[in-house]
Structure formats: structure tokens, C-alpha cells
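Here's the structure, in C-alpha cells; my notes come after.
Within every chain, numbering begins at 1; the chains are lettered A, B, ... in the order of the sequence lines, protein sequences first and strands thereafter.
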2 protein chains.
Amino acid sequence: MNAHVLQPPDPDRSVAERIAEVLTRRIVLGELPPGHKVGQDLVAAEFRASHVPVREAFRRLEARGLLVSEPRRGVRVAPIAPEAVHEVTEMRAALEVLALREAAEALTDADLQEARQALAAEEESGELIVWEEANRRFHRALVTPCRMPRLLQAIDDLHQASARYLLATWKSLDWEPRSDAEHRAILDALTSGDVEAAAAVLREHILAAGRALRQRLVALGRI
Amino acid sequence: MNAHVLQPPDPDRSVAERIAEVLTRRIVLGELPPGHKVGQDLVAAEFRASHVPVREAFRRLEARGLLVSEPRRGVRVAPIAPEAVHEVTEMRAALEVLALREAAEALTDADLQEARQALAAEEESGELIVWEEANRRFHRALVTPCRMPRLLQAIDDLHQASARYLLATWKSLDWEPRSDAEHRAILDALTSGDVEAAAAVLREHILAAGRALRQRLVALGRI
DNA sequence: ATGATTTTATAGATTATCTATATTCTATCA
DNA sequence: TGATAGAATATAGATAATCTATAAAATCAT
């Protein structure tokens with residue numbers, strides 16, 4: 001019996017991969033809140049799958065820091081704590097700056113064009129989730145040319161965590177479109193070939209965004 | 001039937017975790033060479049386990065970069081390439097420096113004492129593998145106090161990769177004990193409270209070791 | 001009401017079985 | 001003889017039914 005009613009069959013991707021993908025999206029979007037218990041049998045039933053690929057998907061998300069697993073007690077959606085925001089922010093700053101420096105010499109006009117388009121998409125976006133997608137596109141355009149798969153994967157994982165913190169903290173309601181002046185400054189520096197200036201702005205940009213997020217999160221905690 | 005003949009039963013750790021641990025050790029030590037095909041049924045038979053926890057162990061090691069998985073073709077031990085050495089080296093430099101800076105204010109005399117003991121163990125070691133263990137102890141002592149679990153996990157994973165590259169490149173035969181002057185310089189800087197100097201030396205130390213490793217690996221490739 | 005005890009639900013794992021694909025072996029033909 | 005198409009085999013990925021141990025919930029006795 002072919003089991004994949006909801007998802008397209010797609011023989012090139014394993015069931016575990018597809019489950020991991022859907023669960024990732026739900027966690028990042030906040031549909032599954034922090035601390036939420038994710039029962040393997042429930043997920044298996046939903047995806048018309050057995051518990052084996054579900055457990056494999058759990059292991060993937062655990063490695064990415066989206067799920068936490070307690071022995072004999074199953075898995076839960078990772079909590080959102082100010083310390084974790086700080087951690088992810090600092091790691092992003094360190095690794096994205098590294099990636100940008102490594103990408104710089106390989107950076108083509110097409111890459112810069114992609115970043116410009118992402119920036120335009122940010123400025124057009126009226127909704128947080130749309131802005132966040134463009135934001136990720138922008139950052140990714142700058143680092144992808146470094147061609148370091150392990151580094152890029154680590155940055156992607158951290159970005160996912162960041163996006164989750166952002167969406168959980170600023171609900172679309174009270175979010176207002178931001179100027180993205182820093183993104184523009186990074187692009188200008190890169191266009192004029194000043195990689196170090198771009199790296200410095202990128203670093204401060206990530207840290208500032210992290211600080212804002214952390215403050216807001218602490219404030220929410222006090223309410 | 002209780003299945004655990006070789007490993008102690010230990011109900012607190014899952015079968016998957018124990019398999020992952022043993023496979024990790026084998027890959028790091030080079031007992032399983034790069035490119036080696038790891039058959040799930042073979043591993044399952046060896047551990048007297050079913051293929052389910054074996055696959056979970058595979059997912060863990062895949063996330064750590066020790067295994068690579070091709071759909072429908074199973075998993076292989078990750079290759080060792082000069083580009084990967086460069087990548088891991090740069091990531092380690094970035095993240096360990098971050099961790100050291102964050103750890104600095106929490107660094108106790110006990111931590112420094114542990115680092116000193118590790119340094120002594122390095123200098124006493126006549127064998128590469130013993131030295132490597134002490135080396136990891138040293139680096140870990142400096143970063144652990146930062147209390148950032150995600151960062152520490154990432155550093156640990158990178159260290160494992162580094163250790164694998166080191167052991168694969170310098171077979172114990174042609175390795176000679178090294179002075180570890182840089183480790184001593186880091187310790188001296190920290191003892192005198194100069195965190196920035198320690199961070200600078202740590203960074204250069206990691207990068208220099210990475211360069212040496214990479215050069216040797218490229219040379220081996222040319223033979 | 002509360003603490004101890006039973007019940008229930010479920011995580012983790014096994015075993016047998018199934019399908020699809022990669023690989024290997026073999027036989028055929030140029 | 002050598003390349004290649006096709007059959008046979010091995011195995012990855014997955015299912016389903018079942019089992020044990022434990023954590024959580026419900027029940028009962030005090």
C-alpha cells in the first residue's frame with residue numbers, strides 16, 4: 001500500500017526526510033510551541049507511516065536543536081530561553097562573518113544581484129513572516145559562494161533557530177516593517193569591494209538583532 | 001531476550017546511543033576508513049540489535065559529519081579532504097575563540113588547574129593518540145565554563161572531526177611529540193588575566209595546526 | 001484529603017516481511 | 001575477445017505486529 005496521501009510520493013526523498021521537513025516548518029512557524037510534546041505514534045499516524053522513520057526524523061531535529069529528547073519520555077519542542085537566543089546570536093555572528101570572508105573572493109555580480117533582490121523583497125514585505133523569508137534569502141546570498149557545506153549547514157541550522165525565536169517573540173500583530181539600513185550598508189561595502197567593512201557591519205547587525213530579540217523576550221517573560 | 005552481550009545493559013542509554021558511540025570511536029580512530037561502506041544489517045548483527053536503532057545511530061553520526069548518506073545506497077564514512085580540514089579548522093577557530101571569551105569571566109582556578117594538568121599530560125605523552133586526548137582535554141577545559149550547551153556541542157563535533165583528520169594523517173609512526181608552547185602561552189595569558197591575548201593565541205594556534213594538517217594531507221595525496 | 005497502588009499510555013526495541021533499487025554476475029552479440 | 005543488455009542477488013528503506021519498561025494518570029484505602 002502506498003502510504004503517502006498528503007505528501008507527494010517523491011522516491012528521491014525518504015519518508016524520514018519529509019517528516020523532518022514538515023516538523024521543522026511547524027516548529028519554526030510556532031505551530032508547535034516550545035515544550036510541546038511530540039508523540040511518535042501520533043506523528044506516525046498523521047503521516048501514515050510507521051514509527052521508524054518518525055524516530056529518524058526526531059534524531060535529525062534533535063541534532064538541529066529544534067527538539068529535545070529525554071530518555072524514555074520522548075521528545076519535546078525545544079524551549080525558547082534568552083540564553084539560547086544569546087548563544088545562537090553569537091554563533092551566527094562568528095560563523096556568518098567567517099563565511100562572508102571566505103565567500104568574498106568568489107562573490108559574483110549575480111550573488112550581489114540576488115542579495116539586492118532579497119533586500120527589495122524585505123522592503124516590500126508588510127508581514128513578519130514574509131520579511132523573515134527575504135531576510136534569510138539576503139543572508140544566504142552573501143555566504144553561499146564560500147562553498148563550505150559544513151559551515152553553510154551550521155549557519156542554516158542557526159538561522160532556523162533565529163527565525164523561530166523571531167516569530168515566537170514578535171507575533172505578526174505588533175511587528176512593524178523595519179528599514180534594513182544595515183543590510184544596505186553591507187551591500188554597499190561589498191559593492192565597493194570593502195570586505196572587512198562589510199564583515200564588521202554584518203557582525204554588528206547580527207548582534208544588534210540578537211540583543212533586540214533577547215530584550216523583547218525577557219520583557220515578555222516578565223509580563 | 002536481553003540482547004546486550006558485548007555492551008553493559010545500562011538502561012539509561014538507548015541502544016542507538018551506544019551504537020553511535022562505538023561507531024564514532026571507530027571512525028575517529030580510523031578503524032573505519034574514509035569511504036568505507038557501513039551496512040546497517042552488518043552493524044545490527046554485530047550489536048545484536050535490529051536495524052531500527054542502527055539507523056538512528058546513522059542519523060546522529062550523519063548530523064555530526066562523520067557519515068554521509070546517499071538515498072537508497074546506504075551510508076559511508078565521510079571522506080577526508082583538504083577542503084574539509086580547512087572548513088573545520090576555520091570553524092573551530094571562530095567558535096573556540098567565542099567560547100573562550102564567554103568562558104573567561106566564569107573561569108575558575110580549578111578550570112585553569114585542569115588545563116595545566118592536561119598540558120602536563122600532553123608533554124608526558126609519547127604517542128599521538130594519548131597526546132590527542134590530552135589536547136582535547138586542554139581545549140575543553142578552556143571553553144566549558146561558558147555554559148553554552150549548543151556552542152559546546154558544536155565545538156565537540158568539530159574537535160572529533162579534527163581528531164580524525166589528525167589521526168588519519170599522522171600515523172603514530174612518524175609523529176613526534178610536540179612542544180605545545182602555544183598552549184603554554186594561552187595558559188600564561190589567562191593566568192595574568194589577559195583574555196584578548198589568550199584568544200588571539202588560541203586562534204592562531206588552531207589555524208596553524210590546521211594549516212600543518214592540510215599541508216601534510218595534500219602531500220600525502222600527491223604520493 | 002492524601003499517600004500508596006494499580007492501571008494505562010507510550011517510548012524504545014524486536015522480529016518478520018515487503019518493495020524498490022544498486023550492484024553483480026552472466027550470457028549474448030558485434 | 002570485449003562490450004553490453006538482462007537476470008539474479010543483496011540491501012536500503014519501510015511496514016506491521018508485538019514486547020518490555022517506565023512515566024503519568026487514575027483509583028483506592030487510610
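Rounded to whole Å, atom C1' of D:dA12 lies 8 Å from atom CG of B:D41. Computed from coordinates, the A:R18 CZ to D:dG13 P distance equals 13 Å when rounded to whole Å. Between the P atom of D:dA25 and the NZ atom of A:K37 lies a distance of 8 Å, rounded to the nearest Å. Summarising the geometry, the separation between CD on B:E17 and C1' on C:dA11 is reported as 13 Å, rounded to the nearest angstrom. The distance between atom CG of B:L42 and atom P of D:dT11, rounded to the nearest whole Å, is 8 Å. In this structure, A:Q40 places its CD atom 14 Å from C1' of D:dA16, rounding to the nearest Å. Across the protein-nucleic acid pair, B:F47 atom CZ and C:dA13 atom P stand 13 Å apart, rounded to whole Å.
Sorted by first and then second residue, the side-chain hydrogen bond (donor to acceptor under 3.5 Å, both in side chains) pairs involving residues 209-220 of chain A (not counting sequence neighbours) are A:D174-A:R216. Applying the side-chain hydrogen bond (donor to acceptor under 3.5 Å, both in side chains) definition to pairs two or more places apart or across chains, those involving residues 142-154 of chain A are A:Q153-A:D157.
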(request) Decide side chain to side chain contact (heavy atoms under 4.5 Å, CB included) for A:H86 and A:E90; before the verdict, give the C-alpha distance in whole Å, the side-chain angles of both, and the deciding distance to 0.1 Å. (result) CA-CA 6 Å; A:H86 176 242; A:E90 292 285 347; 3.6 Å; yes
(request) Check the pair A:R140, A:E114 against salt bridge (Lys or Arg N to Asp or Glu O under 4.0 Å), reporting the backbone distance first and the verdict last. (result) CA-CA 10 Å; A:R140 201 189 287 243; A:E114 162 67 8; over 6 Å; no
(request) Determine, stepwise, if the pair A:V38 / A:R76 fulfils side chain to side chain contact (heavy atoms under 4.5 Å, CB included). (result) CA-CA 6 Å; A:V38 187; A:R76 294 181 175 279; over 6 Å; no
What does the list of N/O pairs under 3.5 Å between the protein and nucleotides 5-8 of chain C look like, with a distance for each?
none

Could you go through nucleotides 16-19 of chain C and list every protein N or O atom that sits under 3.5 Å from one of its N or O atoms, giving the distance for each pair?
none

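With salt bridges taken as basic N to acidic carboxylate O contacts below 4.0 Å, none links A:D156 and A:R136.
Side-chain contact check for B:V68 versus B:V75: every heavy-atom pair is 4.5 Å or farther apart.
Of all the residues in residues 53-64 of chain A, A:P53 reach under 4.0 Å from DNA chain D with at least one non-hydrogen atom.
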Enumerate, atom names and distances included, each donor-acceptor pair closer than 3.5 Å involving a side-chain atom of residues 102-109 of chain B, sequence neighbours excluded.
residue : atom : partner : partner atom : Å
B:T108  : OG1  : B:A110  : N            : 3.3
B:T108  : OG1  : B:D111  : N            : 3.2
B:T108  : OG1  : B:D111  : OD2          : 3.0

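Side-chain nitrogen and oxygen atoms of B:R73 include at least one within less than 4.0 Å of the OP1 or OP2 phosphate oxygen of C:dT23.
A donor-acceptor contact shorter than 3.5 Å is absent between the side chain of A:E96 and the backbone of A:R203. At least one donor-acceptor pair under 3.5 Å links the side chain of A:S125 to the backbone N or O of A:E122. Looking only at distances, no side-chain donor or acceptor of B:R164 sits under 3.5 Å from a matching main-chain atom of B:V28.
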